[in-house]
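Reminder, nothing fancy here: chain letters follow the sequence lines and each chain counts from 1.
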2 protein chains.
Amino acid sequence: MTEITGTGDPARSLSLLWRLVEPAPRGRGAAAGLSVDRVVDAAVALADAEGLGAVSMRRLATDLDVGAMTLYTYVPAKAELLDLMVDSALGEFAALYTPGTGGWRARLEAVARASWALYERHPWLLLVAASGRPPLGPGVLTKYELGLQAVDGTGLDEVAMDAVFTLVEGFVAGTARGVVDQVAAEEATGITETEWWEATAPILDRVFDPERFPTVTRVGPVAGEAQQAAYDPRRAFEFGLARLLDGIAVLVDGAA
Amino acid sequence: MTEITGTGDPARSLSLLWRLVEPAPRGRGAAAGLSVDRVVDAAVALADAEGLGAVSMRRLATDLDVGAMTLYTYVPAKAELLDLMVDSALGEFAALYTPGTGGWRARLEAVARASWALYERHPWLLLVAASGRPPLGPGVLTKYELGLQAVDGTGLDEVAMDAVFTLVEGFVAGTARGVVDQVAAEEATGITETEWWEATAPILDRVFDPERFPTVTRVGPVAGEAQQAAYDPRRAFEFGLARLLDGIAVLVDGAA
DNA sequence: AGGGCTAGTCGTACAGTGTACGACAAGAAA
DNA sequence: TTTCTTGTCGTACACTGTACGACTAGCCCT
């Protein structure tokens, strides 16, 4: 499942993200201790523990000992809640990233690995469609800032700096998504990736025509055997990151 | 929204994908003309026209003038239907791809552009989580075959050939996903990307601390201005593809 | 021709979703 | 004490995938 964010009035969303209003609540009933932060923290904890699918308004309200509709006092809709969750989780990036003392390449690699670690901690981040209109809160901007710093001083202009960071970030997200999908598939079916591949490969062998797919016939089994699956995201991450950095090096240094 | 595929018994899925059984129906009632192909074609048409969100079993059944439960005669569950849709749509790849007469780089670029075109025709493909356990039907294998042929004869071993194709494919999918998310956001909010950016940028300007985000302060506005949005997927595609091919060239040719 | 069986059709029901609406009550202000 | 504001939350609506079981149309066999 993927959920949409970026609905709703931009001004409203931004003031929520930066906690501009936080109305210092006055008259209210039982659920005295509630606040935007408490709601968001509970939502993040729930998503971490049981996946994004478990984050329904009713369930979240139950976790907070509150009626479902009470949440709407603190958050205009679920889409905005997701924005807040994303920004909150991305705020952890700074703690996972240590730039080190190397050049831009070492820094950019560290950015990619920190991102990867972030997605391992909060896999549900990859199921929220944040591409188009990211929630421009403190967490998102912190990550963006550190990513840009990694490619600063390389002689690239501003537009290229942004493009390089976006490229690396997109690569990491896409590859990490592979892990999420595999875990989801394992949980949904009760069959591990290796078991699935072992069940699939022999049937597939008999079903398809080697003359129609000669290159697949040659390459597929070797690759499948090497990763014991149709796809190994961790391998793909290491391989892709090296290629990507080589390609960026051509742009930055004029050669690899 | 993202839907899960790869549920269900692999053997059953494969025989559906390759249409191994197609039981030559005997005794039945009103909906005589139905078949797996007709169901899948209708589902693809519906997803093309109104998005993956419109593809519910009830709606699809209505389009086919049939009761909702009738679909389960032809397809074990919605997950398998999605597998069939994906494989069917990916089968169009061959028609979009012309390898040309250049070297591996030109071929690989053509693969990437054909993939991009495929995702433009069937954006819902990007909302189906196919990463982990792809539906290994004729469509998927056709695309895989052509992709591998593009990097054949480069001296790369089988595992590397697979890794290169996967890397390019993942890049295209990730970037195309940006387009899908933007279109979805526009439809959900009624606000275009440019309008959203114009509403967001000035508020953001006032809300955040330039000393805390110095690099963002310098880069963000320039990049934002250049693309009239927080993110321009088409630009990202051209930029990223060039970097990626440069990086692969380092592996293949030993230099760019 | 008649009986039995198989296999395709599909109405109903269930547990779940986000959230609009309106009733209620608790505290602050008059 | 009365009035007003503001947070709480029960109910309802339209929607999802699909399990279950009733119904029936057509084929095969006698």
The criterion is side chain to side chain contact (heavy atoms under 4.5 Å, CB included); which residues satisfy it with A:Pro202, sequence neighbours excluded?
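Checked A:Pro202 against side chain to side chain contact (heavy atoms under 4.5 Å, CB included); zero matches.
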With B:Asp205, which residues qualify under side chain to side chain contact (heavy atoms under 4.5 Å, CB included), at least two apart?
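B:Asp205: no side chain to side chain contact (heavy atoms under 4.5 Å, CB included) contacts found.
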Rounded to the nearest angstrom, tell me the gap between atom [atom1] in [X] and atom [atom2] in [N].
X       : N      : atom1 : atom2 : answer
A:Met69 : C:dT19 : CE    : P     : 9 Å
A:Leu71 : C:dT19 : CG    : P     : 11 Å
B:Glu80 : D:dG17 : CD    : P     : 14 Å
A:Leu34 : D:dT6  : CG    : C1'   : 15 Å
A:Leu64 : D:dG7  : CG    : P     : 17 Å
B:Arg38 : C:dT9  : CZ    : P     : 11 Å

So if I take the C1' atoms of five pairs at each end of the helix from C:dA1-D:dT30 to C:dA30-D:dT1 and get each local axis, what angle do the two axes make, rounded to 10 degrees?
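Computed from the C1' atoms at both ends, the axes differ by 20°.
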Among residues at least two apart in sequence or on other chains, which ones pass salt bridge (Lys or Arg N to Asp or Glu O under 4.0 Å) with [X]?
X        : value
A:Asp41  : none
B:Arg58  : none
A:Arg234 : A:Glu120
B:Glu193 : A:Arg133

Options D:dG17, D:dC9, C:dT9, nucleotide nearest the side-chain atoms of B:Tyr72
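Closest nucleotide among those given: D:dG17.
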With a 4.0 Å limit, can you tell me whether B:Thr70 has a side-chain N or O closer than that to the phosphate oxygens OP1/OP2 of C:dC10?
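Checking B:Thr70 against C:dC10: at least one side-chain N or O falls below 4.0 Å of OP1 or OP2.
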N or O in side chain of A:Tyr74 less than 4.0 angstrom from D:dT8 OP1/OP2:
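For D:dT8, OP1/OP2 do have a side-chain N/O of A:Tyr74 under 4.0 Å.
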Check nucleotides 13-16 of chain D for protein N or O atoms closer than 3.5 Å to its own N or O atoms and list the pairs.
| unit_1 | atom_1 | unit_2 | atom_2 | d |
| --- | --- | --- | --- | --- |
| D:dT16 | OP1 | B:Ser56 | OG | 2.9 |

Just checking B:Ala77: base, sugar-phosphate only, or nothing, at a heavy-atom cut-off of under 4.0 Å?
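Answer is sugar-phosphate: B:Ala77 comes under 4.0 Å of backbone atoms only.
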Aromatic ring pairing B:Phe171/B:Phe237, orientation class (parallel under 30°, perpendicular over 60°, tilted between)
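Parallel: the ring planes of B:Phe171 and B:Phe237 meet at under 30°.
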Where the side chain of A:Lys78 meets the backbone of A:Val55, is there a donor-acceptor pair that is under 3.5 Å apart?
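Such a contact is found between A:Lys78 side chain and A:Val55 backbone.
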Under the side-chain hydrogen bond (donor to acceptor under 3.5 Å, both in side chains) test, residues paired with A:Tyr97 that sit two or more places apart:
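Scan of A:Tyr97 (side-chain hydrogen bond (donor to acceptor under 3.5 Å, both in side chains), adjacent residues dropped) gives none.
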